[in-house]
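See structure below.
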Amino acid sequence: MTEKEIILSPSILAGDHANLENSVRIITETGLRWVHIDIMDGNFVPNLTFGPQTIIDLRKNSQLFFDTHLMLSQPQNHVEAFAKAGSDLISIHIEPEYPVRKTLKHIRDLGCKNGIVINPDTSVDSLTPYIEDVDLILVMTVQPGFGGQVFREDMLHKIEILNSLRKKNHLKFRLEVDGGINLDTGLKCRQKGCDTLVAGSAFFNANNKKSFAKNLIL
Ligand code: DX5
Ligand code: ZN
């Protein structure tokens, strides 16, 4: 387990897309502080979701911490728009060809926290050049693109490795997981040192969201 405060970041991908404001309100009323916003370009991933205007409009009525997960082939062209729209944290994938280091710095220069994301098929070693320069590392526990997929147990070792690396190097990045997180898989991730849990379907399908949240992050 980790000493960091455990955060649950519900993904509004699993909410009502005709009423995202309500999805955000549900998160606030549950007493949570973060919302996970999935941005997909139909290219890096085979699905499409929201753009910066969605974030601008959600920001008007929400003080939540906007955890923006960019699933884009060319994120460097969009970080400024997502920062200005009101994101608090912007995470970018390591897999596409673009200036990763420069984009991570750009996100911080824009006043946001930065995060780096790895897909299930990407090794933890590929993160080594960046671990000292990120506020968050996101380990995908499903192939990104869609909610409601099954958690990949074989990703647990990545969390363990990254947690050890964090301890060994006295680093402070948050360790987040995304995909197939429910009470069972969330606990397994926490046991390996994860401190930030994204949950889409499991959160929005829970009849009692307060008890779901309490059981997951207690
Ligand atoms: C998947 C997204 C996730 C998604 C998780 O590409 O990055 O954030 O919303 O959904 P669940 O929790 O349903 O797997
Ligand atoms: Zn996500």
Side-chain angles (χ1 to χ4, degrees), residues 6-17 19-20 23-24 26-27 30 32 34-52 54-55 58 64-73 75 78-79 82 87-96 107 112-122 134-156 158-159 174-190 194-207 209 212-213 215-217:
I6 309 297
I7 287 174
L8 167 58
S9 186
S11 167
I12 53 168
L13 184 69
D16 179 355
H17 288 220
N19 197 349
L20 292 171
S23 302
V24 168
I26 288 169
I27 297 169
T30 305
L32 298 169
W34 283 36
V35 53
H36 186 82
I37 306 173
D38 287 303
I39 309 295
M40 305 186 187
D41 67 354
N43 186 1
F44 177 63
V45 290
N47 197 5
L48 293 158
T49 54
F50 324 115
T54 314
I55 297 195
L58 291 175
L64 289 183
F65 185 92
F66 282 9
D67 165 21
T68 305
H69 174 194
L70 300 185
M71 283 158 273
L72 310 176
S73 294
H78 302 281
V79 291
F82 282 104
S87 298
D88 293 290
L89 178 144
I90 298 178
S91 299
I92 53 175
H93 275 258
I94 203 171
E95 294 85 6
I107 294 170
C112 292
K113 303 257 186 229
N114 67 12
I116 189 96
V117 194
I118 52 167
N119 276 343
D121 293 338
T122 305
V134 290
D135 299 304
L136 176 143
I137 292 178
L138 169 52
V139 174
M140 290 306 300
T141 43
V142 297
Q143 190 62 26
F146 300 92
Q149 302 182 73
V150 176
F151 178 82
R152 295 237 334 227
E153 300 268 343
D154 55 335
M155 296 297 109
L156 286 169
K158 288 188 182 177
I159 302 162
R174 279 197 164 270
L175 194 41
E176 186 176 52
V177 285
D178 183 9
I181 299 300
N182 54 36
L183 292 181
D184 171 46
T185 57
L187 179 63
K188 287 181 182 168
C189 292
R190 285 188 54 184
C194 157
D195 50 66
T196 311
L197 301 139
V198 176
S201 322
F203 176 81
F204 280 98
N205 292 339
N207 291 325
K209 294 182 172 47
F212 173 82
N215 287 326
L216 197 59
I217 64 182

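Whatever order the structure lists them in is the order used to number ligands and atoms, beginning at 1.
- Below 30°, between 30° and 60°, or above 60°: for F212 and F203 the angle between ring planes is above 60°, a perpendicular geometry.
- Proximity of H69 to V198: side-chain heavy atoms (C-beta onward) are nowhere separated by under 4.5 Å.
- Listed for the D195 side chain is a donor-acceptor partner under 3.5 Å among the backbone atoms of L175.
- Distances under 2.8 Å from the Zn ion (ligand 2) pick out the protein N/O/S atoms H36 NE2, D38 OD1, H69 ND1, D178 OD2.
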Between ligand 1 and the protein, find all N/O pairs closer than 3.5 Å and give the distance for each.
| unit_1 | atom_1 | unit_2 | atom_2 | d |
| --- | --- | --- | --- | --- |
| ligand 1 | 6 (O) | G145 | N | 2.7 |
| ligand 1 | 7 (O) | D38 | OD1 | 2.9 |
| ligand 1 | 7 (O) | H69 | ND1 | 3.3 |
| ligand 1 | 7 (O) | D178 | OD2 | 2.8 |
| ligand 1 | 8 (O) | H36 | NE2 | 3.3 |
| ligand 1 | 8 (O) | D38 | OD1 | 3.1 |
| ligand 1 | 8 (O) | D38 | OD2 | 2.7 |
| ligand 1 | 8 (O) | D178 | OD1 | 2.7 |
| ligand 1 | 8 (O) | D178 | OD2 | 3.0 |
| ligand 1 | 9 (O) | S11 | OG | 2.8 |
| ligand 1 | 9 (O) | D38 | OD2 | 3.0 |
| ligand 1 | 12 (O) | G200 | N | 2.8 |
| ligand 1 | 13 (O) | G148 | N | 2.8 |
| ligand 1 | 13 (O) | S201 | N | 3.0 |
| ligand 1 | 13 (O) | S201 | OG | 2.4 |
| ligand 1 | 14 (O) | G180 | N | 2.8 |

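- Here T196 pairs with R174 under the side chain to side chain donor-acceptor pair (under 3.5 Å) rule; sequence neighbours left out.
- For V142, the side chain to side chain contact (heavy atoms under 4.5 Å, CB included) criterion is met by M140, Q149, not counting sequence neighbours.
- A heavy-atom distance below 4.5 Å is found between the side chains of F151 and I181.
- Under 3.5 Å, the side chains of D67 and S9 contain a donor-acceptor pair of N or O atoms.
- Shown here for K209 and T30, the closest heavy-atom pair between the two residues is O-CG2, 3.6 Å.
- When all heavy atoms are compared, the tightest approach of M71 to G145 is SD-N, 4.3 Å.
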